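Quick caveat: nothing in here was measured; it's all calculated off a predicted structure.
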Amino acid sequence: MLNEIKKDAQTRMAKSVEALRHDLTKVRTGRASTALVDHLKVNYYGSDMPLTQVASVAVNDARSLTITPWEKQMVAAVEKAIINSDLGLTPNTAGTVIRINLPALTEERRKELSKHVHGEGENAKIAIRNIRRDANSQVKELLKEKEITEDDASRSEAEIQKLTDEGIKNVDDVVKAKEQELMAV
């Protein structure tokens with residue numbers, strides 16, 4: 001029973017770190033990446049579809065992306081999705097190809113993005129601490145039901161704390177790596 005609690009906590013903590021990694025791919029650094037537009041939804045005949053399902057997205061060079069919709073009539077919808085997004089980018093359209101030029105990040109924008117990355121990291125740490133709390137309360141419940149001894153409970157809590165420390169260290173590593181990527185000029 002205790003092993004199940006620890007395994008569950010470890011799995012959930014790993015998922016939190018992975019979710020942070022995924023969220024941070026959307027944060028724009030100086031380099032072009034298709035991940036910037038992965039989360040965009042395009043109105044496709046009345047329903048919202050992920051951009052990657054209605055167009056091909058490619059990195060042209062370090063500072064630009066090209067988006068080629070599968071259907072000609074989707075060009076306007078894709079443009080609208082980009083303009084309405086929180087990316088702050090302006091698409092340039094030539095026929096059926098949409099180009100997005102990524103301007104170099106200003107120092108002010110880098111600091112702003114760095115704060116955002118830190119905030120996301122804090123949210124991930126909070127999630128990990130909540131997982132620790134849940135796991136510890138499950139252990140306390142087993143102790144209360146007399147299914148485990150006090151020694152087992154304290155040992156389990158120590159192991160859960162180790163998992164928590166490891167999860168928080170992983171979050172810090174992910175945030176630090178993203179910050180270095182942001183600050184690289």
Side-chain angles (χ1 to χ4, degrees), residues 10-128 130-131 167-185:
Q10 188 172 23
T11 304
R12 289 171 57 201
M13 287 178 189
K15 283 181 183 172
S16 292
V17 173
E18 208 43 53
L20 172 68
R21 256 193 204 103
H22 182 265
D23 288 347
L24 292 184
T25 60
K26 296 174 190 163
V27 175
R28 187 165 83 83
T29 57
R31 262 190 315 265
S33 165
T34 58
L36 281 175
V37 294
D38 278 353
H39 68 288
L40 293 182
K41 299 274 189 244
V42 178
N43 188 333
Y44 184 71
Y45 298 114
S47 62
D48 286 344
M49 300 287 288
L51 176 65
T52 52
Q53 289 184 11
V54 297
S56 69
V57 181
V59 176
N60 225 22
D61 55 50
R63 296 245 182 251
S64 66
L65 292 173
T66 54
I67 301 171
T68 312
W70 308 133
E71 299 173 29
K72 190 172 183 148
Q73 65 267 30
M74 288 306 298
V75 172
V78 171
E79 270 187 313
K80 186 177 177 189
I82 295 166
I83 291 169
N84 293 340
S85 74
D86 57 352
L87 295 173
L89 299 172
T90 308
N92 302 321
T93 307
T96 57
V97 177
I98 301 167
R99 288 192 192 333
I100 301 176
N101 291 320
L102 304 171
L105 293 173
T106 62
E107 190 64 30
E108 188 179 315
R109 183 71 177 138
R110 286 177 199 273
K111 286 180 179 160
E112 202 177 288
L113 288 172
S114 181
K115 281 182 186 172
H116 176 72
V117 167
H118 270 286
E120 292 290 323
E122 268 315 303
N123 291 343
K125 288 179 186 178
I126 289 168
I128 288 172
N130 287 341
I131 294 165
I168 286 177
K169 182 189 173 304
N170 289 343
V171 166
D172 286 338
D173 292 346
V174 169
V175 167
K176 187 176 179 187
K178 189 64 177 186
E179 250 191 347
Q180 286 176 340
E181 197 179 318
L182 270 172
M183 292 303 168
V185 179

Tell me which one of Ile168, Val175, Asn130 satisfies side-chain contact (heavy atoms from CB on, under 4.5 Å) with Lys125.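 Exactly one candidate clears the test, Ile168.
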Before accepting this row, confirm whether a basic side-chain N of the pair Asp172/Lys176 lies closer than 4.0 Å to the acidic partner's carboxylate O.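 The answer is no: the pair does not qualify as a salt bridge.
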Taking NZ, NE, NH1 and NH2 as the nitrogens, is one of them in Lys111 or Glu108 under 4.0 Å from a carboxylate oxygen of the other?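 No.
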Any [X] side-chain heavy atom under 4.5 Å of [Y] side chain:
X	Y	result
Ser16	Ile131	yes
Ile67	Ile82	yes
Val42	Asp48	no
Pro91	Glu79	yes
Ile83	Thr90	no
Lys41	Leu51	no
Glu120	Leu20	yes
Asn60	Leu65	no

Hey, are Tyr44 and Glu71 close enough side-chain-wise for a donor-acceptor pair under 3.5 Å?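 Yes, a side-chain donor-acceptor pair sits under 3.5 Å.
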What do you reckon, is CD of Gln53 surrounded by more than 12 foreign heavy atoms closer than 6.0 Å?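 More than 12 within 6.0 Å, yes.
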Identify the two heavy atoms, one from Pro69 and one from Val78, that lie closest to each other, and give their separation to 0.1 Å.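 The answer is CG-CG2, 4.1 Å.
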So which heavy atom on Ser56 is nearest to which on Trp70, and how close?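 Minimum heavy-atom separation between Ser56 and Trp70: CB-CH2, 3.4 Å.
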Just by modelled atom types, is the Leu24 backbone N or O under 3.5 Å from a matching donor or acceptor in the Lys178 side chain?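 Flag set: sc Lys178 to bb Leu24 pair under 3.5 Å.
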